[in-house]
Peer 1: 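Have a look at the structure that comes next, please.
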Amino acid sequence: LIQVIDWFSAQGGRRLNISGGEPTLYPDLCDIIMYAKEKDVRCGITSNGQLIDKEFAKKLAYSRLKRIYISLDSVDPIIHDRIVCKKGAWERTVNSIKYLSDYVPNRIKQISINHVLTKINYSSLPEMLTFASKLGVKYVKILPYVATEEEKNNGEFELTASDIDNINNSIVQKCHEVCEKTGLQTNFNASAIYLNKKANSLFAKINSEQLKDPCFRPFYSFDVSVN
């Protein structure tokens with residue numbers, strides 16, 4: 001990983017996001033973030049927040065971490081825990097956001113939320129955005145759910161045509177209203193524009209091959225997995 005950062009910096013790279021897997025499992029994560037800063041690379045991470053307690057939040061903040069994406073898939077603890085298959089996950093994730101918020105903006109520039117849209121959580125997306133704003137989050141990245149073949153047969157999380165119609169006809173407008181009221185930002189417009197060009201409907205006819213293609217980050221940014 002050190003060699004990758006060296007190479008990235010030498011190529012003029014200035015923004016790096018470490019994901020996984022789960023990067024907070026990596027014992028030298030804070031050292032990696034500090035090393036990246038020494039190389040003039042602004043570092044962020046994507047995490048489920050499960051291991052970020054008060055002490056770890058402070059370590060991350062003082063390691064010069066700039067941005068962190070925390071995965072939160074519902075305002076409802078039961079639904080979130082069901083999606084991630086881990087009881088008690090919602091509480092730990094929300095607490096991690098609260099702990100990290102103590103260091104915004106003096107240490108950490110921004111806390112954002114990654115939110116995967118599924119059959120069982122899309123209807124509460126406006127409430128989810130309101131909740132994120134109350135947590136002090138400024139940006140929510142909404143991601144389409146990609147089902148495995150086994151999950152497609154189960155159908156528990158994958159959006160149906162009817163679900164997509166409901167999103168387009170009702171949920172989108174409600175989300176815009178929440179964002180206007182709270183100042184929260186999302187990628188909802190960017191996603192809709194891109195996917196409408198591809199399939200003429202939000203998240204419709206999207207498959208795993210198409211999802212390998214879209215990337216809204218500039219060319220000088222890339223992800224590094226810790227495993």
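Please read all numbers here as calculations on a predicted model, not as lab measurements.
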Peer 1: Any chance CD of Glu127 has more than 12 other-residue heavy atoms, nucleotides or ligands included, within less than 6.0 Å?
Peer 2: yes
Peer 1: To the closest 0.5 Å, what do you measure between CD (Gln110) and CG (Leu100)?
Peer 2: 12.5 Å
Peer 1: Looking at Ile142 and Leu125, what are the two nearest heavy atoms and their distance?
Peer 2: CD1-CD2, 3.9 Å
Peer 1: Just checking, is any N or O donor in the side chain of Tyr139 or Asn114 under 3.5 Å from an acceptor N or O on the other one?
Peer 2: no
Peer 1: In Å and rounded to the nearest 0.5 Å, what is the OG to CD1 distance from Ser96 to Ile70?
Peer 2: 4.0 Å
Peer 1: Give the C-alpha distance, both sets of side-chain angles, the deciding distance and a yes or no for side-chain contact (heavy atoms from CB on, under 4.5 Å) between Tyr99 and Leu60.
Peer 2: CA-CA 11 Å; Tyr99 297 146; Leu60 287 170; over 6 Å; no
Peer 1: Is it the case that Thr46 and Asn17 place a side-chain donor and acceptor less than 3.5 Å from each other?
Peer 2: yes
Peer 1: If I take atom CG from residue Asp28 and atom SG from residue Cys30, how far apart are they, to the nearest 0.5 angstrom?
Peer 2: 9.5 Å
Peer 1: Could you go through the side-chain contact (heavy atoms from CB on, under 4.5 Å) check for Ser19 and Ile45 one step at a time?
Peer 2: CA-CA 6 Å; Ser19 58; Ile45 66 171; over 6 Å; no
Peer 1: How far does CD1 of Ile5 sit from CG of Leu1, to the nearest 0.5 angstrom?
Peer 2: 4.5 Å
Peer 1: Judged by atom type as modelled, is there a donor-acceptor pair below 3.5 Å linking the side chain of Asp53 to the main-chain atoms of Phe56?
Peer 2: yes
Peer 1: Looking at Asn166 and Ile171, would you say the former's side chain and the latter's main chain have a donor-acceptor pair under 3.5 Å?
Peer 2: no
Peer 1: Pair Lys181, Glu177 - check salt bridge (Lys or Arg N to Asp or Glu O under 4.0 Å), show working.
Peer 2: CA-CA 6 Å; Lys181 182 179 180 180; Glu177 291 171 0; over 6 Å; no
Peer 1: For Leu117 and Tyr145, run side-chain contact (heavy atoms from CB on, under 4.5 Å): C-alpha distance rounded to whole Å, both residues' side-chain angles, the deciding distance at 0.1 Å, then the answer.
Peer 2: CA-CA 6 Å; Leu117 210 58; Tyr145 175 74; 6.0 Å; no
Peer 1: For the residue pair Val41 and Ser9, what are the closest heavy atoms and their distance?
Peer 2: CG2-CB, 4.0 Å
Peer 1: Side chains of Asp163 and Tyr122: donor-acceptor distance under 3.5 Å anywhere?
Peer 2: yes
Peer 1: Less than 4.5 Å apart, any side-chain heavy atom of Asp81 and any of Lys86?
Peer 2: no
Peer 1: Counting N and O atoms only, with roles assigned by atom type, does the side chain of Asn187 sit under 3.5 Å from a partner on the main chain of Lys141, one being a donor and the other an acceptor?
Peer 2: no
Peer 1: Looking only at heavy atoms, which two atoms of Gly44 and Leu65 are closest? And how far apart?
Peer 2: CA-CD1, 3.7 Å
Peer 1: Around Leu51, counting heavy atoms of other residues, nucleotides and ligands shown, do more than 12 lie under 6.0 Å from its CG?
Peer 2: yes
Peer 1: Other residues, nucleotides and ligands only: do more than 12 of their heavy atoms fall within 6.0 Å of CZ on Arg67?
Peer 2: yes
Peer 1: Is His115 close to Leu72 at the side-chain level, that is, under 4.5 Å between some pair of heavy atoms?
Peer 2: no
Peer 1: Checking Phe131 now: which residues fulfil ring pair (Phe, Tyr, Trp, His ring centres under 6.0 Å) with it, not counting sequence neighbours?
Peer 2: Trp90
Peer 1: Using side-chain heavy atoms (C-beta onward) and a distance below 4.5 Å, is Lys174 in contact with Val178?
Peer 2: no
Peer 1: Might you point out which heavy atoms bring Val75 and Met128 nearest each other, and give the distance in Å?
Peer 2: N-SD, 3.6 Å
Peer 1: Okay, side chain of Asn48, backbone of Ser71: is any donor-acceptor separation there less than 3.5 Å?
Peer 2: no
Peer 1: Compute whether any side-chain donor of one residue and acceptor of the other, for Gln50 and Thr93, lie under 3.5 angstrom apart.
Peer 2: yes
Peer 1: Could you check whether Glu22 and Ser47, counting side-chain N and O atoms only, form a donor-acceptor pair closer than 3.5 Å?
Peer 2: yes
Peer 1: Is there a donor in the side chain of Asp165 and an acceptor in the side chain of Ser162, or the other way round, less than 3.5 Å apart?
Peer 2: no
Peer 1: Does any part of the side chain of Asp6, heavy atoms only, come nearer than 4.5 Å to the side chain of Tyr35, both counted from C-beta?
Peer 2: yes
Peer 1: Run the side-chain contact (heavy atoms from CB on, under 4.5 Å) test on Lys109 and Val104 for me, step by step, so that the C-alpha distance in whole Å, both residues' side-chain angles and the decisive distance to 0.1 Å come before the verdict.
Peer 2: CA-CA 6 Å; Lys109 183 178 179 181; Val104 177; over 6 Å; no
Peer 1: Ser123: what forms a side-chain contact (heavy atoms from CB on, under 4.5 Å) with it, not counting sequence neighbours?
Peer 2: none
Peer 1: Between Asp40 and Arg14, does any NZ, NE, NH1 or NH2 come within less than 4.0 Å of an OD or OE carboxylate oxygen?
Peer 2: yes
Peer 1: Does Gln11, at its CD atom, have more than 12 non-hydrogen atoms belonging to other residues, nucleotides or ligands within less than 6.0 Å?
Peer 2: yes
Peer 1: Calculate, to the nearest 0.5 Å, the distance between atoms NZ and CZ belonging to Lys87 and Arg92 respectively.
Peer 2: 11.0 Å
Peer 1: Locate the shortest heavy-atom distance separating Cys179 from Leu129; write the atom from each residue and the value.
Peer 2: SG-CD1, 4.3 Å
Peer 1: At what distance, to the nearest 0.5 angstrom, does NZ of Lys134 lie from OG1 of Thr130?
Peer 2: 6.5 Å
Peer 1: Applying a strict under-4.5 Å side-chain criterion to I, L, V, M, F, W and Y, I'd like to know whether Met34 and Phe8 cluster together.
Peer 2: no
Peer 1: Please report the shortest heavy-atom distance between Lys66 and Arg107, naming the atom on each side.
Peer 2: NZ-O, 4.5 Å
Peer 1: Taking C-beta and beyond as the side chain, do Ser124 and Asp76 meet within less than 4.5 Å on heavy atoms?
Peer 2: no
Peer 1: What about Ile120 and Ile78, same hydrophobic cluster or not, with Ile/Leu/Val/Met/Phe/Trp/Tyr joined at side-chain heavy-atom distances under 4.5 Å?
Peer 2: no
